[in-house]
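For reference, the structure is listed below as structure tokens.
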Amino acid sequence: MTQNPNLQKLSEAGVSVWLDDLSRDRIESGNLAELVATKSVVGVTTNPSIFQAALSKGHVYDAQVRELAERGADVEATIRTVTTDDVRAACDVLAPQFEASHGVDGRVSIEVDPRLAHDADKTVAQAVELWKIVDRPNLFIKIPATEAGIPAIAKVLGEGISVNVTLIFSVERYELVMGAYLDGLEAAKAAGHDLSRIHSVASFFVSRVDTEIDKRLDKIGTPEALELRGKAAVANARLAYAAYQQIFEVQPRFQGLLSDGARPQRALWASTGVKNPDYPDTLYVAELVAPNTVNTMPEKTLDAFADHGEVAGDTVSGTAVESQEVFDKLSAVGIDLTDVFKVLEDEGVDKFEVSWTELLEATAEQLRAAGQKS
């Protein structure tokens, strides 16, 4: 098998291609392995919505759910077993990429229960539990970047556990996330952990920023406002990358950890599927090409870039000034950016909580049905 040339160019430009989807069918059919072999996929991310969709389709989970029902497993235990089994299997598929990249890629993420997003202590406890259950070095534990999530991130990293920080929308919150990463590394070092084995990515959400801001721009309706549609998300991500460069390439705090094997916390572009059909379907990939980044794509976006995506070199570095100008213009036309980012974070947490509740309800029904058949 040969790699798709467009995605291979993207990888060669420094962007790790990850798939934002996981299901048992994708693993058992060999589809995930095929994407690794032909579409440069070197990582997988999941979230409650993805698991809810996977478990609600087809019958691939029926036998395991029936077995768990016979054992008397409750809903929470069933979900934990099913999801961690899938993630462990995906980790094994990606183990060669993990080894070849010295731990940078070949990663699979699993998220803590989204209902814990505002409880730091319970988030830490579940992160440790999931890490032990999956028991794979190429696992990432996903923790949302809520106010309670920030200290939880530092504590989990301090335990020597690799973390994917999710639901980041603003540069200000991203700076706190990077600070938590450094806090965690310093705590891990003090505890005697090998820093070279602790990795992290910061998942900066992209398309949802345009969706929310475009809606507000349409409501304002002036020519100046309408001219800014479709520009906020890319500008926001580019400003985030400038902040990343400042922390991990310039400031001395991280430089002091390099000799202990520390790795920079890579920026990961999440929510990169284009939601507005008026925009190019590869917009949030082609416009966010930069060294040492990750782009986790839904399969539709992955296929679109494979078909007609273009890599025009680094499209991010050196763009901070013009990106800030976009934000200055947004403020000038009346966009309350603080409110935008609060709404997006609240909606992100709520969306995952709803998906988790649906997953609980669907699993409970499957357990009831399995119990009746046995």
| message | Taking Asn236's backbone N and O only, do any of them form a donor-acceptor pair with Tyr241's side chain (distance below 3.5 Å, no angle check)? | response |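 Checked: no pair found.
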**Asked** Could you state the interatomic distance from CD (Gln52) to CG (Leu360), rounded to the nearest 0.5 Å?
**Response**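 Gln52 atom CD to Leu360 atom CG measures 10.5 Å (nearest 0.5 Å).
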(Q) Just verifying a value: how many Å separate Thr272 OG1 and Asp20 CG, rounded to the nearest 0.5 Å? (A)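 Between atom OG1 of Thr272 and atom CG of Asp20 there are 7.0 Å.
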Heavy-atom count around [X] [atom1] within 6.0 Å, excluding the residue itself: above 12?
X      : atom1 : answer
Glu129 : CD    : yes
Lys9   : NZ    : no
His308 : NE2   : yes
Glu227 : CD    : no
Gln255 : CD    : yes

**Report entry** Ring geometry between Phe204 and Trp269 (parallel below 30°, tilted from 30 to 60°, perpendicular above 60°)
**Finding:**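 Perpendicular.
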N/O donor-acceptor pairs under 3.5 Å from side chains in residues 175-184, not counting sequence neighbours:
{"unit_1": "Tyr181", "atom_1": "OH", "unit_2": "Arg263", "atom_2": "O", "d": "2.5"}
{"unit_1": "Asp183", "atom_1": "OD1", "unit_2": "Arg253", "atom_2": "NH2", "d": "2.5"}

Between the side chains of [Y] and [X], is the shortest nitrogen-to-carboxylate-oxygen separation below 4.0 Å, so that they form an ion pair?
X      : Y      : answer
Asp62  : Arg66  : no
Asp21  : Arg26  : yes
Asp339 : Arg216 : yes
Glu186 : Lys189 : no
Asp86  : Arg24  : yes

**Request:** Heavy atoms only: give me the nearest Leu55-Gln366 pair and the separation to one decimal.
**Result:**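 Nearest pair, atom of Leu55 first, then Gln366: O-NE2, 3.6 Å.
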Original post:
Ser16 and Arg266: which non-hydrogen atoms are nearest, and at how many Å?
Top reply: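 Closest approach of Ser16 to Arg266: OG-NH1, 2.9 Å.
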Stepwise, does the side-chain contact (heavy atoms from CB on, under 4.5 Å) test hold for Leu139 with Val87? CA-CA 8 Å; Leu139 178 68; Val87 167; 3.5 Å; yes
Checklist entry - Can you tell if the side chain of Asp314 reaches within under 4.5 Å of the side chain of Val289, non-hydrogen atoms only? => result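 Answer no - side chains too far apart.
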(Q) Connecting only ILVMFWY residues whose side-chain heavy atoms lie within less than 4.5 Å of each other, what is the rest of Val354's hydrophobic cluster? (A)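 Traced through the cluster, Val354 reaches no other member.
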All N/O donor-acceptor pairs, side-chain side in residues 112-127, below 3.5 Å, sequence neighbours left out:
{"unit_1": "Asp113", "atom_1": "OD1", "unit_2": "Arg115", "atom_2": "N", "d": "2.9"}
{"unit_1": "Asp113", "atom_1": "OD1", "unit_2": "Arg115", "atom_2": "NE", "d": "3.0"}
{"unit_1": "Asp113", "atom_1": "OD2", "unit_2": "Arg115", "atom_2": "NE", "d": "3.0"}
{"unit_1": "Asp113", "atom_1": "OD2", "unit_2": "Arg115", "atom_2": "NH2", "d": "2.6"}
{"unit_1": "Asp113", "atom_1": "OD2", "unit_2": "Trp356", "atom_2": "NE1", "d": "3.4"}
{"unit_1": "Arg115", "atom_1": "NH2", "unit_2": "Glu76", "atom_2": "OE2", "d": "2.9"}
{"unit_1": "Asp119", "atom_1": "OD1", "unit_2": "Asp121", "atom_2": "N", "d": "3.3"}
{"unit_1": "Asp119", "atom_1": "OD1", "unit_2": "Lys122", "atom_2": "N", "d": "3.1"}
{"unit_1": "Thr123", "atom_1": "OG1", "unit_2": "Leu116", "atom_2": "O", "d": "2.9"}
{"unit_1": "Thr123", "atom_1": "OG1", "unit_2": "Asp119", "atom_2": "O", "d": "2.9"}
{"unit_1": "Gln126", "atom_1": "OE1", "unit_2": "Asp113", "atom_2": "N", "d": "2.6"}

ask   = What about Phe169 and Phe205, are their ring centers closer than 6.0 Å?
value =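 That pair passes the under 6.0 Å test.
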